[in-house]
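All remarks here apply to the structure that follows.
Since we're looking at a predicted model, the values are computed, not measured. Both backbone and side-chain heavy atoms feed into the values below; hydrogens, waters and symmetry mates do not.
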Amino acid sequence: MIFNVQLFVILLSNHQTMKLRPIEKSKLGTVDFENLDFGSTFSDHMFVCDYANDSWGEPEIVPYAPLQLDPSASALHYGQAIFEGMKAYKDDKGDVFLFRPDQNIKRLNKSAERLAIPQFPEKLFLEGLHKLIDLERDWVQPGTGNSLYVRPFVFASEPCVQASPAKQYQLLIICTPVSSYYNHSEVRVKIADQFSRAAQGGTGYAKAAGNYAGQFYPTKLAMDEGYQQIIWTDAATHQYIEEAGTMNLFFYIGDKLITAPTSDSILDGVTRKSVIQLAKDRGIEVETRQLTVAELIEAAENKTLREIFGSGTAVVVLPIHGFGYKGKDYDIGTPTDALALTLKTDLTSIQYNLTDDPHGWRVKV
Ligand code: COI
């Protein structure tokens with residue numbers, strides 16, 4: 001049998017090296033980009049870096065493939081795992097851009113700290129990411145709405161079932177071409193009055209894998225009732241609106257745009273802070289404050305509630321057409337001149353290089 005596996009060594013900054021083992025044949029030709037199911041098709045390569053003996057080793061970019069994992073790997077038992085999400089976009093000249101990747105590595109390390117996972121060097125992350133996306137640029141489809149969703153994640157790989165922080169980890173970056181997150185034309189959400197996503201002092205602000213698993217069952221129940229997602233409220237009283245699990249939330253009431261302040265139970269969304277900035281750029285008054293369910297219902301009843309929308313990397317900016325609370329449904333609708341859609345256009349115009357980038361968010365690959 002003849003093996004013809006190429007191996008390159010790439011010199012990074014600080015005399016660090018990275019290995020590159022490219023695929024022999026791309027899967028690109030087999031992908032139906034018109035019918036993508038969010039997050040279920042993966043590009044040709046992935047970035048991998050192992051942590052052992054108190055340090056991160058030499059990273060590699062290798063063909064996307066299943067991992068070999070010991071059944072006792074700590075993440076499988078105790079959920080010591082975190083992730084990130086960002087996207088790469090292509091403009092009409094074929095140039096590829098990432099959106100605020102520096103924010104993702106900062107948040108990854110914030111999540112790592114909370115989950116007792118070792119910090120990953122920022123520069124190494126950004127250089128490795130850049131090389132990976134450069135290699136996968138043909139996977140970034142042009143056209144607004146199309147992008148390559150980039151999923152960095154870290155998990156405890158040490159083969160050991162002791163309930164304590166692991167001594168071995170893997171950081172990977174995988175990529176999946178996507179179009180939209182929801183296929184529903186109208187999104188309806190249920191306001192939580194029983195289950196909770198995150199408690200004070202918990203891991204809600206981190207992108208901890210378990211934060212998402214804990215939402216699946218209540219979300220399934222809400223879906224059975226015809227909603228797509230849950231609006232989480234504070235765990236102690238269920239009176240204050242927090243986030244929706246895969247997105248932060250905005251409420252356009254009167255002439256103010258209201259969003260909950262980030263806290264130890266709310267994720268510091270990159271899209272959230274970008275939307276706040278873009279709204280301010282348009283002269284819209286943004287109030288970062290707690291909003292009670294009672295105030296929201298009052299605004300819906302007295303018709304001062306103009307819009308609700310979510311923001312997140314996967315969903316971008318997503319109008320919410322109605323919500324349910326304790327068995328009663330409230331319809332909002334979305335006006336054709338919705339602020340949500342204006343802000344979405346402002347955001348995607350920057351992401352797809354259709355306009356200037358006054359805040360320096362775009363990073364060319
Ligand atoms: C993202 O928007 O990147 C998220 O983390 C949502 C994901 C759970 C699909």
Side-chain angles (χ1 to χ4, degrees), residues 38-39 85 180-200 202-205 207-253 257-263 265-267 269 271-272 275 289-335 338-340 344:
F38 185 94
S180 61
Y181 187 72
Y182 281 114
N183 293 322
H184 300 85
S185 54
E186 301 216 328
V187 171
R188 288 169 196 283
V189 293
K190 178 178 178 171
I191 298 184
D193 60 356
Q194 181 195 356
F195 293 102
S196 302
R197 171 187 173 273
Q200 234 189 329
T203 59
Y205 71 89
K207 269 184 108 63
N211 289 350
Y212 294 77
Q215 299 183 67
F216 292 165
Y217 174 63
T219 305
K220 180 192 167 305
L221 297 182
M223 284 169 127
D224 291 345
E225 292 177 57
Y227 304 102
Q228 276 76 53
Q229 247 193 53
I230 292 183
I231 288 190
W232 295 105
T233 47
D234 70 292
T237 68
H238 291 299
Q239 284 180 32
Y240 296 97
I241 289 173
E242 298 212 317
E243 59 160 88
T246 59
M247 51 192 184
N248 294 110
L249 293 166
F250 287 85
F251 302 86
Y252 194 22
I253 300 180
L257 189 59
I258 302 169
T259 189
T262 52
S263 66
S265 55
I266 298 183
L267 189 82
T271 313
R272 172 188 176 277
V275 164
R289 67 164 172 91
Q290 289 193 314
L291 179 74
T292 61
V293 179
E295 187 183 345
L296 175 67
I297 287 175
E298 193 189 328
E301 282 174 346
N302 69 22
K303 309 266 182 257
T304 51
L305 174 63
R306 297 161 71 175
E307 293 176 41
I308 302 181
F309 57 91
S311 70
T313 299
V315 299
V316 193
V317 174
L318 185 78
I320 291 171
H321 294 83
F323 66 91
Y325 182 64
K326 290 193 192 278
K328 190 164 174 203
D329 282 315
Y330 299 81
D331 275 314
I332 312 156
T334 304
L339 178 63
K344 180 176 180 181

| Do side-chain atoms of Ser265 reach the backbone of Gln200 as a donor and acceptor pair under 3.5 angstrom? | no

| query | With respect to Tyr240, which candidate in Thr292, Thr233, Leu291 satisfies the side chain to side chain contact (heavy atoms under 4.5 Å, CB included) definition? | reply | Thr292

| task | Of all the heavy-atom pairs spanning Asn248 and Gly269, show the shortest one and how long it is. | result | OD1-CA, 3.3 Å

| field | Side chain proximity check, Phe250 to Arg272, heavy atoms < 4.5 angstrom | value | yes

| Asp234 side-chain N/O to Glu242 backbone N/O, donor-acceptor pair under 3.5 Å | no

| query | Judged by atom type as modelled, is there a donor-acceptor pair below 3.5 Å linking the side chain of Asp193 to the main-chain atoms of Tyr325? | reply | no

| query | Between Gln215 and Trp232, is any pair of side-chain heavy atoms under 4.5 Å apart? | reply | yes

| query | If you look at every heavy atom in Ser311 and Thr271, which pair is closest and at what distance? | reply | CB-CG2, 3.9 Å

| said: Testing the basics here: between Gly204 and Ala198, what is the closest heavy-atom pair and its distance to 0.1 Å? | reply: CA-CB, 3.5 Å

| remark: Closest non-hydrogen atoms of Gln229 and Thr219, given as atom of the first, atom of the second and distance, are CA-CG2, 4.4 Å

| said: Could you check whether any side-chain heavy atom of Arg188 comes within less than 4.5 Å of a side-chain heavy atom of Gln228, counting everything from C-beta outward? | reply: yes

| said: Here's a test for you: under side chain to side chain contact (heavy atoms under 4.5 Å, CB included), which of Leu296, Thr259, Ile332 qualifies with Phe251? | reply: Leu296

| Under 3.5 Å, is there a donor-acceptor pair between the side chain of Asp329 and the main chain of Gly322? | no

| Are the side chains of Ile308 and Tyr330 in touch, meaning some heavy atoms are under 4.5 Å apart? | no

| request: Look at the aromatic rings of Tyr217 and Phe195 and report parallel, tilted or perpendicular, splitting at 30° and 60°. | output: perpendicular

| query | Within the distance-only criterion (no hydrogens, no angle test), does the side chain of Glu307 pair as donor or acceptor with the backbone N or O of Ala338 below 3.5 angstrom? | reply | no

| said: Is any side-chain heavy atom of Leu257 closer than 4.5 Å to one of Tyr252? | reply: yes

| query | Can you check whether Glu243 reaches Arg197 side chain to side chain, under 4.5 Å on heavy atoms? | reply | yes

| request: Please examine the side chains of Lys326 and Ile297, heavy atoms only from C-beta on, and report whether any two atoms are closer than 4.5 Å. | output: no

| field | Minimum side-chain heavy-atom gap Ile191-His238 below 4.5 Å | value | no

